[in-house]
Number of protein chains: 2
Amino acid sequence: MITIKDIAKEANVSAGTVDRVLHNRGGVSTETEQKVNKILKERNFKINLIASSLAMKKNHTLATLIPNFDQQNIFWKSPHSGIEKGSQEVKAYGIENHIFTFNQFDPNSYAKAFRELIKTSPDAVILVPIFLKETKAIIETLKNKKIPYLFLNINLKGSDSLCYIGQKSFEAGILAGKLSNICTTEDDEILMVLTRKNLFNHEAIQDRIEGFLDFHQKSNSKTKIHKLQFNQPDEVFRSREKINQFIEKHPKVKGVVVPSSRVSVVCKAIDKEKLVDLRIIGFDTTPQNIDFLKRGDVTFLISQKSFNQGYKSIITIANFLVHKEIPSNEIPTPLEIITKENYMFSHSEERKYSIE
Amino acid sequence: MITIKDIAKEANVSAGTVDRVLHNRGGVSTETEQKVNKILKERNFKINLIASSLAMKKNHTLATLIPNFDQQNIFWKSPHSGIEKGSQEVKAYGIENHIFTFNQFDPNSYAKAFRELIKTSPDAVILVPIFLKETKAIIETLKNKKIPYLFLNINLKGSDSLCYIGQKSFEAGILAGKLSNICTTEDDEILMVLTRKNLFNHEAIQDRIEGFLDFHQKSNSKTKIHKLQFNQPDEVFRSREKINQFIEKHPKVKGVVVPSSRVSVVCKAIDKEKLVDLRIIGFDTTPQNIDFLKRGDVTFLISQKSFNQGYKSIITIANFLVHKEIPSNEIPTPLEIITKENYMFSHSEERKYSIE
DNA sequence: TAAGTAGGTGTGTACGCACACGAAATTTGA
DNA sequence: TCAAATTTCGTGTGCGTACACACCTACTTA
């Protein structure tokens, strides 16, 4: 391994000078700079990240603004875990992360959580920008204080965030379209179960719906697509005659697509004997969804690997702060197709981490 | 962040003593040890991996024995890249990896490459144990020299390798069964295209076939499964009348499964107008396979993420050497389902690395 | 012309933290 | 009381970073 000292010796300068050249910190004559650069290249010198990190230790503070989770709304648990894991890893780099949570249905709690967050004067912020209006104010504050921020899971185009880490929802919808197309024939019909004005990220869900329809349109399939709307996710179960009657009336419906993460609720609502004949496609690997996948009721789940999203957010921000590594504007999460046969090989990192 | 010094100060001992307690290196009185341990626990002390690595620098040597790749046999390129990436990352930890390649069809080149490898007296070895007899001799040598080794991509049960990193082939076959089942109806028939005594890991391919058949048997599907054998992968294309005639004779064949990584060859052999009606399932995301996926000829590819396998091998071995972290006996790679709609979101790390 | 100054260029070194070895201090046993 | 054994301490090491300071040249001013 070649060290700065080796380079310095060869160039007849001190280690400090090599360091200045490496970081373009100025104060080096063009002649010396060229000489050093030449040797750096010849020897293929790479900064030792370990030593660099140790030396750079500066105690950065991160802050994360993310919805809380409970039994009913477990979706946010995965990103939480990923963030936890990432935080653990970067601790050694002198980076401390604080999580501030809010109620995903309450804009006030969002604003309030941010007020708490900003008191800690973090060096960078990870945001799940659920509420548009409040987010604009938040971004304004961050901009004034020159605090870089990153969007997690939900994107807000037009703002100059450091980067967006999340799923491409439209493309996820296209994939759902493809899968529904594959697991039905042309004569079959497909039912899409919607929840009006969904809980939080209704934009993402809208994008999925559009992607789904886009696929069916572009592929010239003659498959008829029905839509069934509910006002509340729990209404699907409460008034389950609605969906069961619909299926009885439309015996050609063989595929069901649920663009939200609540496919488990839909499965619960549909009569068991009807489930057998249906191919059901949903999103997100919540424990409830996985349950119905295991039973064979759900055929495909499209996962956005939210654990990885959380994890990656921390790592990305950390690399930005410590190594000034500027991330690409958008880091799309893989669209993982999960079935009963492969779910146990997915999310192994998440499981491993949860057990510990 | 709590440092060893903090602990030492609080316990009224020196940093050295704390270090001895941390690593159970002995030479500490029971009393002091308990006192230090108590404070370690209270303060939830975690070793700073960065500083630890820097201090531990020991210059380990790794060696990797893996088949070479070329245009015809590009399968091994991905693990190569993953290994390269991993090697880069661990270089800072004073770990140097050397790759020794061999011809995957020639046992002698395998043995010869190993003889070269062992001359470098590595501290650990990554093996792709293609040839049984030669591998047994290799393992014997490694055991005598007490060099730990890890199997990559191909497993050899019964040997006491540190760990196996690769796909569960039987389960991959089951998944292929499920996918073929989903994208055909009960009246359809499925064709499996085999290559007799496949190139290298015919065991893995045999497992896939068995998994595939197992799924169809257990699911009580009445779908008829045909098998078509070729002696050489290139024979599929050379004598392509064989496969085309077969499809003409069996118009009910709607699904094609290729358990090797050569689904592209099969696609090339089948007449274009016939391809339209077929749902084709293959394994591994070689560039050729991806081409046919993009065109829409291949419906599903089951990926074993061989880039990640290579990468993980290095990281696992490195953690074992540096941090004495003993890996679990088997690290299965996710069974990724790749379609035209999601392939661009997969393997992003591999692509990112290849570009650089 | 000598003294003074500013700017550019380069050096030396403390620091971050854990690790490990030689040396010192203390205890034990004879 | 002395030697041996046990316990503990002090310090150099790994490598890059960044700051204080030293040095040199060129130019200004008395």
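Everything numeric in this text was worked out from a predicted model, so none of it was measured. To find a chain, count down the sequence lines: A is the first, B the second, and so on, and within it residues start at 1.
- In the displayed structure, Ile326(B) atom CD1 is contacted under 6.0 Å by at most 12 heavy atoms of other residues, nucleotides or ligands.
- Per the geometry, CE belonging to Met56(A) stands 16 Å off C1' belonging to dC17(C), to the nearest Å.
- With a 6.0 Å radius and a threshold of 12 heavy atoms from other residues, nucleotides or ligands, Lys35(A) has its NZ atom above the threshold.
- With rounding to the nearest 0.5 angstrom, the OG1 atom of Thr17(B) is 11.0 Å from the CD atom of Glu33(B).
- For Asp19(A) and dC15(C), the CG to C1' distance is 14 Å, given to the nearest whole Å.
- When the side-chain nitrogen and oxygen atoms of Thr32(B) are compared with OP1 and OP2 of dT8(D), one or more of them lie within a distance under 4.0 Å.
- Between Ser29(A) and dG10(C) there is a side-chain polar atom (N or O) within less than 4.0 angstrom of OP1 or OP2.
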Does Phe100(A) form a ring pair (Phe, Tyr, Trp, His ring centres under 6.0 Å) with Phe102(A)? I'd like the steps, not just the answer. CA-CA 7 Å; Phe100(A) 296 82; Phe102(A) 59 93; over 10 Å; no
For nucleotides 11-13 of chain C, which of its nitrogen or oxygen atoms have a protein nitrogen or oxygen under 3.5 Å away, and what is each distance?
from: dT11(C); atom 1: OP2; to: Ser14(A); atom 2: N; distance (Å): 2.8
from: dT11(C); atom 1: OP2; to: Ser14(A); atom 2: OG; distance (Å): 3.2
from: dT11(C); atom 1: OP2; to: Thr17(A); atom 2: OG1; distance (Å): 2.9

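- For the side chain to side chain contact (heavy atoms under 4.5 Å, CB included) with Phe45(A), the qualifying choice from Asp6(A), Asn37(A), Leu40(A), Ile39(A) is Leu40(A), the only one to do so.
- Separation of atoms OG (Ser346(B)) and CZ (Phe307(B)) is listed at 13.0 Å; rounding is to 0.5 Å.
- Spacing between atom CG of Leu22(B) and atom P of dA18(C) amounts to 9 Å, rounded to whole angstrom units.
- Side-chain proximity of Ala55(B) to dC17(C), dT8(D), dC19(C): nearest is dC19(C).
- Residues of residues 33-54 of chain B that place a heavy atom closer than 4.0 Å to DNA chain D, in numerical order, are Ala51(B), Leu54(B).
- The separation between His23(B) atom NE2 and dT8(D) atom P is 17 Å, rounded to whole Å.
- Each end of the helix from dT1(C)-dA30(D) to dA30(C)-dT1(D) gets its own axis from five base pairs, and the two axes differ in direction by 70°, given to 10 degrees.
- Side chain to side chain, Thr64(B) and Asn97(B) meet the donor-acceptor criterion of an N or O pair below 3.5 Å.
- Here the rule is side chain to side chain donor-acceptor pair (under 3.5 Å) with Tyr311(A), and of Lys305(A), Glu89(A), Lys85(A) only Glu89(A) fits it.
- Taking 4.0 Å as the cut-off between side-chain N and carboxylate O, Lys119(B) and Glu116(B) count as a salt-bridged pair.
- Regarding Ile2(B), its CD1 atom lies at a distance of 14 Å from the C1' atom of dC17(C), rounded to whole Å.
- As rounded to whole Å, 14 Å separates atom C1' of dC15(D) from atom OH of Tyr93(B).
- Nucleotide dC15(C) holds its P atom 19 Å from the CD1 atom of Ile4(B), rounded to whole Å.
- Scanning both residues, Ile74(A) and Phe69(A), for their nearest heavy atoms gives CA-CB, 4.3 Å.
- If you take NZ of Lys5(A) and P of dG10(C), they are 20 Å apart, rounded to a whole angstrom.
- When each of Gln309(A), Lys312(A), Gln304(A) is tested with Thr333(A) by the rule side chain to side chain donor-acceptor pair (under 3.5 Å), just one qualifies, namely Gln309(A).
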